[in-house]
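Values in this document were obtained by computation on a predicted structure and should not be read as measured data. Just the heavy atoms: all of them, side chains too, but no hydrogens, waters or symmetry mates, feed the values below. Chain naming here is simple, since letters A, B, ... match the order of the sequence lines and numbering starts at 1 in each.
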Number of protein chains: 2
Amino acid sequence: MDEIDINILKLLQKNAKYSLEEIGEELKIPKSTVAYRIKRLESLGIIKGYYAQIDPNALNLDYVVISLIKAKYGKDYHVNLGSKLAELPGVWGVYFVLGEIDFIVMARYRNREEFMRNFLEKLMNMPEIERSNTQVVVKIIKESPNMVIW
Amino acid sequence: MDEIDINILKLLQKNAKYSLEEIGEELKIPKSTVAYRIKRLESLGIIKGYYAQIDPNALNLDYVVISLIKAKYGKDYHVNLGSKLAELPGVWGVYFVLGEIDFIVMARYRNREEFMRNFLEKLMNMPEIERSNTQVVVKIIKESPNMVIW
DNA sequence: TCTGAAATCAGAATGGT
DNA sequence: ACCATTCTGATTTCAGA
């Protein structure tokens with residue numbers, strides 16, 4: 001992983017559709033070398049894949065919630081709860097943290113009804129949870145989780 | 001936006017490298033129609049872009065934090081604080097929420113030192129903040145923010 | 001709006017350094 | 001590991017339905 005690899009990653013994380021030629025021009029190396037480098041980054045698992053980013057808004061997914069969850073203390077409670085939360089429809093992020101809270105859960109729904117049915121009601125029925133505090137997101141100021149290199 | 005569009009989006013959000021032919025075969029429509037549909041979804045802004053997914057771990061970004069922030073009450077404090085938080089290096093998500101907390105901030109760093117220097121110290125110097133509570137993520141159980149359609 | 005065919009262009013493969 | 005060239009196949013374009 002040298003400077004060239006880093007620069008290739010920076011470009012591809014911004015736009016996966018840059019052609020080998022464009023990247024080569026930008027970095028002043030031949031396109032066949034760019035191809036060689038990218039293949040290497042892919043096989044090492046540094047580039048995990050390529051995906052299209054779909055506008056959640058276009059699908060009316062504007063009921064965004066973040067839930068702070070405290071688990072009950074007990075054997076396996078944390079492990080089980082983590083995977084149960086991850087499987088809820090609409091949930092895209094589950095983080096296990098230390099402190100007052102045990103889990104932070106990120107989820108997206110189309111409306112309050114869908115949120116209630118797919119998330120809140122199921123949360124209420126999980127015996128592993130001691131308490132939960134769910135925040136409704138009023139405004140997403142920044143959300144660019146693919147940006148890994150600055 | 002019909003069933004075909006949804007299916008195209010489902011495929012592309014999973015893997016942007018599917019060829020027009022593969023998609024066409026899967027959905028039983030000619031590849032030129034697939035091209036036509038995708039162009040349309042792009043120009044409508046429903047497909048926001050194509051990105052390489054880079055493994056944060058490969059770059060040693062395993063110091064992951066989530067910060068819960070309460071702003072001081074006052075004119076413009078919230079608006080200003082939101083954009084200041086979004087500009088901190090390492091920050092990829094800033095959510096404005098209602099309730100006890102005002103902002104939830106997601107960030108990634110290589111180590112404690114980098115976190116202290118780029119995040120915590122800068123947070124301490126923001127007069128708009130009343131209090132902050134930063135959680136260190138022990139385990140990322142799920143993180144697939146690009147998955148928008150199930 | 002959809003589609004088939006043709007033209008163009010980008011990526012994969014090859015082989016030499 | 002790097003890079004020029006060749007080859008293959010995917011995407012774009014365009015005209016007709």
Check the distance between [N]'s [atom2] and [X]'s [atom1] and give it to me in whole angstrom.
X	N	atom1	atom2	answer
I38(B)	dT13(D)	CD1	P	14 Å
I29(A)	dA1(D)	CD1	C1'	12 Å
Y50(B)	dT11(D)	OH	C1'	12 Å
L27(A)	dC3(D)	CG	P	12 Å
K17(A)	dA10(D)	NZ	C1'	11 Å
L41(A)	dA1(D)	CG	P	11 Å
E21(B)	dG9(D)	CD	C1'	9 Å

- Item | Residue pair Y95(A) / E143(B), side-chain donor-acceptor N/O under 3.5 Å |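 E143(B) and Y95(A) do have a side-chain donor-acceptor pair below 3.5 Å.
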Practice prompt. State, without any angle test, whether Y63(A) and E113(A) hold a side-chain donor-acceptor pair at a distance under 3.5 Å.
Written response: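 No pair is found: no donor N or O on one side chain lies under 3.5 Å from an acceptor on the other.
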Decide yes or no, distance alone: a donor-acceptor N/O pair under 3.5 angstrom between the base of dA10(C) and the side-chain of S19(A).
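Such a pair does not exist between side chain and base.
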- request: For I29(B) and T33(B), work out which heavy atoms get closest and say how close.
  value: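 Taking I29(B) first and T33(B) second, the nearest heavy atoms are CD1-CG2, 4.5 Å.
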Original post:
Under the 6.0 Å and 45° cation-pi test, does K17(B) pair with Y50(A)?
Top reply: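 Yes, cation above the ring, under 6.0 Å and within 45°.
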Whichever of P30(A) and R40(A) has its nearest DNA chain D nucleotide further upstream toward 5':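 By nearest-heavy-atom nucleotide position, the 5'-most residue is R40(A).
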- [ ] Please tell me which of the listed nucleotides, dA12(C), dA5(C), dA4(D), lies nearest to the side chain of K39(A)?
- [x]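 So the nucleotide nearest the side chain must be dA12(C).
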- [ ] Please tell me which of the listed nucleotides, dT12(D), dT3(C), dT5(D), lies nearest to the side chain of L20(B)?
- [x]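 Closest nucleotide to the L20(B) side chain: dT12(D).
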- Query: Is the shortest side-chain N/O distance from R37(B) to OP1 or OP2 of dT1(C) below 4.0 Å?
  - Reply: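 No, because none of the side-chain N or O atoms of R37(B) sits under 4.0 Å from OP1 or OP2 of dT1(C).
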- Task: Kindly say if Y36(B) contacts the phosphate of dT1(C), meaning a side-chain N or O under 4.0 Å from OP1 or OP2.
- Result: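 Looking at the OP1 and OP2 atoms of dT1(C), one of them is under 4.0 Å from a side-chain N or O of Y36(B).
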Would you mind telling me which residue lines up with the more 5' stretch of DNA chain C, K31(B) or I4(B), judged by nearest nucleotide?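 In this pair, the answer is I4(B).
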Got a donor-acceptor contact below 3.5 angstrom from the N7(A) side chain to the K10(A) backbone?
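Absent.
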